[in-house]
Number of protein chains: 2
Amino acid sequence: MPSHNWRNRFRGRGSRWTAPREAILNLLISTSKHMSAKEIYRSLLRIYPAIGLTTVYRTLDVLEQMGYLNKIPLGTGENKYELITDSSETHHHHLICTQCGRIIDYTDFEESELIKKAEQTLKTKHGFKITDYNFEFYGICKHCQERR
Amino acid sequence: MPSHNWRNRFRGRGSRWTAPREAILNLLISTSKHMSAKEIYRSLLRIYPAIGLTTVYRTLDVLEQMGYLNKIPLGTGENKYELITDSSETHHHHLICTQCGRIIDYTDFEESELIKKAEQTLKTKHGFKITDYNFEFYGICKHCQERR
DNA sequence: TTGGTATTGATAATCATTTTCAATAGCAGT
DNA sequence: ACTGCTATTGAAAATGATTATCAATACCAA
Ligand SMILES: [Mn+2]
Ligand SMILES: [Mn+2]
Ligand SMILES: [Zn+2]
Ligand SMILES: [Zn+2]
């Protein structure tokens, strides 16, 4: 996962490889968390004081368009992001704690299969061409249940 | 579906039965569409020129808390709403056209079953208490595919 | 090295939803 | 029907996330 790999991916589609983009990617690569644009921005400020929040948003957009980023709506109008890497489970869903905002990854083979099947069915039955889907559970995480 | 039914539901939880709330409910009952707060507001203006958008939001909140309203995030930060009635399919999902905003109801027995199972699993396995979930497909509807 | 242009960051603008607050109206108790 | 308490209302301002604008800058192909 050397960064010239990412560099080439950007260059390959006519985009440029820049310092802000490298900083954002390094952060996304190194973290295991699901971060919001502002969280990414604030985290980068320490090492890259000149970076702008706007640039974070733009880079996340590009990454999403390239298919390397997963955008997770929190249901509050805010989104969190996670990089899609080779090693990461491509198909997983999320448990979102409405109390603390924590996001828990969760994989279910049956569910993934069903979604694939549904995509097919919806195309033939409703003529609906699926480009994306959301599947999130909302609730109270174990941690938050204990402290009340 | 006489409105004194709804009146009692409101009164039952210490809430008051008011003209704006009756107007909003009558609209939600009579429509088969999935409407946004602003769409509801604009539609009511004709018959109830004094109504405020704020009140629409507040009434939708109450209905959601009472468990009679389904809130559907469009992925753009905007939400649409639909009343949950006895006759309506309680468990259905949505196909959201990212081109025209149309929402298509869609029911899948297998999927509903799987979600019920998942709720159980998540509770025992992750200690996660589910209060709600989102399951939406995004894509291009038949209508929009033809006109391009 | 250079020129064209993609990108950047500061700032202002959007847009949906919330908050605030004084005025009003529902309704329980009389 | 009257009264008083307080939930509700609507206008206006505030919020919070995201986007648009724009002049300055930095990539990078040639
Ligand atoms: Mn994840
Ligand atoms: Mn529906
Ligand atoms: Zn939590
Ligand atoms: Zn459409």
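Quick note on labels: first sequence line is chain A, next is B, and so on, each numbered from 1.
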Verify the contact: side-chain N or O of A:R21 to OP1 or OP2 of C:dA6, cut-off strictly under 4.0 Å; return yes or no.
no
Would you mind reading off the distance between B:W6 atom CH2 and C:dG26 atom P, rounded to a whole angstrom?
20 Å
Distance in angstrom units between A:E22 CD and C:dT8 P, rounded
12 Å
How is A:A50 classified with respect to the nucleic acid when contacts are heavy atoms under 4.0 Å: base, sugar-phosphate, or nothing?
sugar-phosphate
Reading DNA chain C from 5' onward, which residue's closest nucleotide shows up sooner: A:L53 or B:S36?
A:L53
Nearest-Å distance, OH (A:Y41) to C1' (D:dT18)?
15 Å
Kindly point out which of C:dA28, D:dT18, C:dT7 is positioned nearest to the side chain of A:A37?
D:dT18
B:M35 CE to C:dA16 P, in whole Å, measures 15 Å
In whole Å, I'd like the distance from the CZ atom of B:R7 to the P atom of D:dT8.
14 Å
Check the phosphate of D:dG16 against A:K38, side-chain N and O only, distance under 4.0 Å to OP1 or OP2. Yes or no?
no
Electrostatic pair B:E39:B:R42 at N-O distance under 4.0 angstrom:
no
Between B:Q145 (side chain) and A:G127 (backbone), is there a donor-acceptor pair under 3.5 Å?
yes
Taking the nucleotide of DNA chain D with the nearest heavy atom to each, does A:E78 or B:Y48 sit closer to the 5' end?
B:Y48
Check the angle between the aromatic planes of A:H92 and A:H94 and answer parallel, tilted or perpendicular using the 30° and 60° thresholds.
perpendicular
Is the phosphate of C:dA16 approached by B:T76 (side-chain N or O, under 4.0 Å from OP1 or OP2)?
no
Could you tell me whether B:R46 atom CZ has more than 12 heavy atoms of other residues or ligands within 6.0 Å of it?
no
Between CZ of B:R11 and C1' of D:dT8 the distance, given in whole Å, is 14 Å
Would you tell me if any nitrogen or oxygen in the side chain of B:N79 comes within less than 4.0 Å of OP1 or OP2 on C:dT17?
yes
Distance, rounded to the nearest Å, where A:I40 contributes CD1 and D:dT18 contributes P
10 Å
Using a cut-off of less than 4.0 Å, is there contact between a side-chain N or O of B:Y57 and OP1 or OP2 of D:dT8?
no
From C:dG9, D:dA17, D:dA7, pick the nucleotide closest to the side chain of B:R16?
D:dA7
Considering only heavy atoms and no angle criterion, is a donor-acceptor pair shorter than 3.5 Å present between the side chain of B:R58 and the base of D:dG10?
yes
Does the plane of the ring in B:F135 sit parallel, tilted or perpendicular to the ring in A:Y133? Use 30° and 60° as the thresholds.
perpendicular
Is the shortest side-chain N/O distance from B:T55 to OP1 or OP2 of D:dG10 below 4.0 Å?
yes
In whole angstroms, how far is the P atom of D:dT25 from the CD1 atom of A:I51?
18 Å
Which nucleotide wins on minimum distance to the side chain of A:T54, given the candidates D:dA20, D:dT8, C:dT8?
D:dA20
Checking A:S112 side chain against A:D108 main chain: does a donor-acceptor pair fall under 3.5 Å?
yes
